[in-house]
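Worksheet: the structure to be examined is printed underneath.
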Amino acid sequence: MKLPVNLLIGAVLVALVLGAAALSLLWTPHDFTQLNVRNKFAAPDATYWLGTDQLGRDLVSQLTAGARNSMAVALAAVLLGGSIGTALGLLAAAIGGWVEDLVMRIADIGFAFPALLFAIMLAAVFGPSLTNAVLAIAFINIPVFARVARAAANQVWTREYVAAARAAGLNRFAISKDHILPNIAAPVIVQATIEFAVAILAEAALSYLGLGAQPPSPTWGRMLSEAQTLMYQAPQLAVYPGLCIVAAVMGFGLLGDGLRDVTDPRLVRER
Amino acid sequence: MFELDQLSVSFGTATALREATLTIRPGDRLGVVGESGSGKTMLGLSLMGMAPDAAQVTGRLTVDGQEMTGAGEADWQRLRARKVAMIFQEPMSALNPLRRVGDTVADPLRIHMGLSAAEADARALDLFREVGMPDPEARLRQFPHEMSGGQRQRVLIALALACDPALLIADEPTTALDANIRLRITDLLARLADQRGMALLFISHDLAAVARATTEIAVMYGGDIVERGATPAVLKDPAHPYTRGLLGARPDPAPQPRRNGKRPRLPTIPGTVPALGDLAPGCRFSGRCPVELAHCATVRPEMRDLGGRFAACHALEGGA
Amino acid sequence: MGYFLLRRSVGFILTLFAVSVVVFAVMNVLPGDPALTILGLDATEDALAALRDQLGLNDPLLTRYWSWVTNALTGDFGVSHSFRVPVAGLIAERLPMTISLAVSGMIFTVVLALVLGIAAAANHRKAGDWGIMFVSQLGIAVPAFWLAMLLVLVFAVNLRWLPPGGFPGWSDPVAAMRALILPTVALALVQSSVLARVTRSSALEVMRQDYVRTARASGFSRRRVLWRHVLPNALVPIVTIVGMQFAALVTGTIVIENVFYLPGLGRLIFQSIANRDLPTVQALVMLFAAIVVTANFIVDLLYVVIDPRLKARA
């Protein structure tokens, strides 16, 4: 089978970002917290590949550490929101009737809250923190996954092997776990990949606004918010973190689209 | 006057229309018959300049002496509706669902004929009356989804007539309609062509309808025009073996039971219409022909004059 | 039709009600002491008790919720702690700024998306199509605030054509428009990327329909066929996405106001977080969520206006 181009490009970008993030756990060119004020705004050279920032910190090291933080936030948020949402969707499809209606209405309400609004509420009550950012992004993922899981599960429920399982006396929850869940894995994983991209964007915006990671922990969004005040002295600082965000978001977005094209033969989509 | 000289339409190696030579004069009523895939719709679309983008069109096509071979979209736009109009097979889906049918008919009148909105509306009402639309005033305000198939086809006929075209192409205009409406639409088209002195190209696989509506007939197979002549003569005494098969295959008045949900078509012609790319380079009918000669598959037969009628068949050579 | 309106209206009101419960719950029920949040850790116990009393924190939750909702319905959103004026007044002062940005952003988004989407569909499988698809793929991945920073870098810092931020108010319309250009572009470019792709695929779908062939056969120009026949029929999915994008637009205005230091509701909400001004945050979050819900309600009604077939079914 010929793999779609978007899948390949997406996979390469994702591998690069994940590789940098993983590598930063073991090794970065320099200690990204190391201040060296005498060497601030250094131009790129053999030691500092992309130069240094206003406090003399190595940019490459900060960017890879930022990748790690962004990936961690996106992973935690999508896992948390995705598993709650998928569970709700499975439950709705398994029980049906008014329970299904109720779950879906609640999901609709969830769509009224962009992640930012939820993060704002949490920040106002508890003070801004990375945990709040994760919770806020996870929250908006719940209705998304609930819808996807329910739609997919409802289809699987009409299959013959499910009828056979029912005839064998399995109850709805056992069937959901053993038969429905494995068969809705493909659309859920596709959605997770796409939501991963959304989460990276959301985390960047929240960190930029000061609602996410707090100093000194480097994230791309926070690096950009610091760079904004230095736009006249060091415009280059505003460029690299943004490029990283674009690469990561595009990578996961393309990977998700590509996976959908491969796993969902019904969707012969125009592109 | 529409003149086709060796007009071909092909997609890569597949030829949908092969060297069609035909003249349509004012007032002609020409029926084009053949099975699906015979190239009759492609013939109609070529006359509208609406062959698919991927198609290569060769040969010559002139409209009132104006060379239209290789003409651009803008040139064709000037001809469509005003010189040549077309109605399509599927009245259910051929009307913009978001526009009132009266507006759909009035649009070309305003845009091409420079009529004011009120004039165009009045003209649309006249057209609705002319095509026999029941309760025409009320219908103008309706949306397509509020009408029956026969009514929608009348709207499409009114639309096609709006700018007084010299030629009306009707591509299977009755196929999608209920049996009791078919006859009325067929007769309507024949009457309109007659009253307006308009040429009619009536594309159909329904020989009964073609017999009623046309004075001349062209039989198509595999992209070729295989026989041409006056409608009664060809239907009474077909010369080409394919035409003979087609006439023998005419559906009985009492419909046969459907097989596989499909109407049994042409049961007396063995085999099926081959895919366009698989056609023999000679006579397209070779392989299915009951009187096939050795060279039929490789040598293309010439169109022969049989005394005012024409057929292309090697078996007719030497007075067969 | 009447039944449809009634059902949708009831659903709309129920959703608003549910949203208000969520906002109230997050802001009031979650563990945490608003008085402590507002006054800080070094506040005296007396001061805390006094503030709790003033905020009505000692009343039962239901009572507090009820008075919040009923007061809000009469336009009373409480008193801001940091500004010491009614929240309603603060909102009224800053609303025009936010509406200006949101409206100009939405208009620019929709116009750009329709033009690009239709152009891509009209040039299907040609260079124009590929180009537009590539740019929109990129646009989806670009954070609006970063695009905003780049625009400032180029057009304000380097070229000095446009102001880097701030808003002079509408008393000087030319200056106001100039101040809105970069924020609008930053907001719209990203938003229109998604919408342009939806427009393209929806238009391609419509272009295969028989009635488009009929329009062509009627001798209409390509442009007329595209804009008068294809676009209206492609609108239903487009409007759906516009409705869904309202949430993103609201988020976008909040972020963009902060990038450009525009004195609107988005700035106010961040000042209020910094000042621990809970009543103001609560009112603003509710307002933004209500805007999103209302936008979706309007989209539901628009379907019926766009497509007469739905009116028959509704």
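Just so it is clear, the values below take in all heavy atoms, side chains as well, and ignore hydrogens, waters and symmetry mates.
- C:D300 and C:R7 are not joined by a salt bridge, as no carboxylate oxygen comes within less than 4.0 angstrom of a charged side-chain nitrogen.
- Most heavy-atom pairs under 4.5 Å with chain C: of the set A:G221, A:G242, A:P114, A:A197, this distinction falls to A:G242.
- Annotation: maximal heavy-atom pairing with chain A below 4.5 Å, among C:I291, C:V259, C:V250, C:V22, occurs at C:V259.
- Comparing A:L201, A:V239, A:L209 by heavy-atom pairs within less than 4.5 Å of chain C, the highest count is held by A:L209.
- Only the backbone of C:I140 comes within less than 4.5 Å of a heavy atom in chain A; its side chain stays farther off.
- Side-chain atoms of A:Q214 and A:S129 include no donor-acceptor pair closer than 3.5 Å.
- For a residue to count as touching a neighbouring chain, one of its non-hydrogen atoms must lie under 4.5 Å from one of that chain's; by this rule A:A204 touches chain C with backbone and side chain alike.
- Checking C:S80 against C:D277 by side-chain atom types alone, a donor-acceptor pair falls below 3.5 Å.
- Ring geometry, C:F145 versus A:Y208: the interplanar angle falls under 30°, so the pair is classed parallel (tilted spans 30 to 60°).
- A salt bridge between A:D108 and A:R105 is present, with a side-chain N of the basic residue lying under 4.0 Å from a carboxylate O of the acidic one.
- For C:F288, the parts sitting under 4.5 Å from any heavy atom of chain A are the backbone and the side chain alike.
- Residue contact with chain A, scored on non-hydrogen atoms closer than 4.5 Å, involves the backbone and the side chain of C:V19 alike.
- If you measure heavy-atom distances from A:F118 to chain C, the contacts under 4.5 Å come from the side chain alone.
- Classified by interplanar angle (parallel below 30°, tilted 30° to 60°, perpendicular above 60°), the ring pair C:F17/C:Y65 is perpendicular.
- Residue A:L243 touches chain C through both its backbone and its side chain, counting heavy-atom pairs closer than 4.5 Å.
- Checked by atom type, the side-chain pair A:R222/A:S207 shows no donor-acceptor distance below 3.5 Å.
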